[in-house]
Amino acid sequence: MSGCRDEDPRIHGIKTKIGVVPNFPKPGIMFQDITPLLLDPKAFKDAVDLFVERYKDKNISVVAGIEARGFIFGPPIALAIGAKFVPLRKPRKLPGEVIFEEYVLEYGSDCLEMHLGAVEPGECVLVVDDLIATGGTLCAAMNLLERVGAVVVECACLIELPELKGRGRLNGKPLYVLVEYQ
């Protein structure tokens, strides 16, 4: 099950607020632009509310948001469910001691960093990002969190691009998405 909630009328409003920008950031990439969603307070609130409704009773103590757009959805979800928010950042953006995970994505390679000690062993974590394409970023986030002993409960994304088969790279970890684009 994809977790896509097409039966909920809020999904249609969310879907109509996501734009597509061809050939960005590189030729051949169809960039999913969430800016129109963020400019519409109702659609933005609906998206956050759908995530909160799913996770409010799942005993999640950490919401880990992936830079940069996971920072948009992660904090309001964390606040609403009573969890702490942990940013997973690009290299050299966090002061102090960090651990890191390198990964490959659909148009290059990158690295995620997290403060050492931000997540304790055994804490239940929700990983949040705006989109799953090939799954490389979510896998890196899960690897980073699991290396410190966290339990990744689920990954949550606003958008999934199923044709890029990212879900298959998550090693069976549950993925919840609001909108799928073919």
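One finds the CZ atom of Arg10 at 4.0 Å from the CD atom of Glu53 (value rounded to the nearest 0.5 Å). Atom-to-atom distance recorded for Met142:CE and Thr137:OG1 is 11.0 Å, nearest 0.5 angstrom. In this structure, CG on Leu37 lies 13.0 Å from NZ on Lys45, to the nearest 0.5 angstrom. The distance from atom CZ of Phe100 to atom CG of Leu144, rounded to the nearest 0.5 Å, is 10.0 Å. To the nearest 0.5 angstrom, Arg89 atom CZ is 9.5 Å from Glu113 atom CD.
Note on Arg147 versus Glu101: salt bridge recorded, some NZ/NE/NH1/NH2 to OD/OE distance being below 4.0 Å.
The two residues Val125 and Ala64 have their closest heavy-atom pair at CG1-CB, 3.9 Å.
By the 4.5 Å heavy-atom criterion applied to side chains, Ile18 and Tyr181 are counted as neighbours.
The side chain to side chain donor-acceptor pair (under 3.5 Å) test applied to Lys93 returns no partner, not counting sequence neighbours. Take Glu102 and apply the salt bridge (Lys or Arg N to Asp or Glu O under 4.0 Å) test, not counting sequence neighbours, and it matches no residue. Residues forming a salt bridge (Lys or Arg N to Asp or Glu O under 4.0 Å) with Lys165 (at least two apart in sequence, or on another chain): none.
Side-chain rings of Phe73 and Phe85 stay apart, their centers remaining 6.0 Å or farther from each other.
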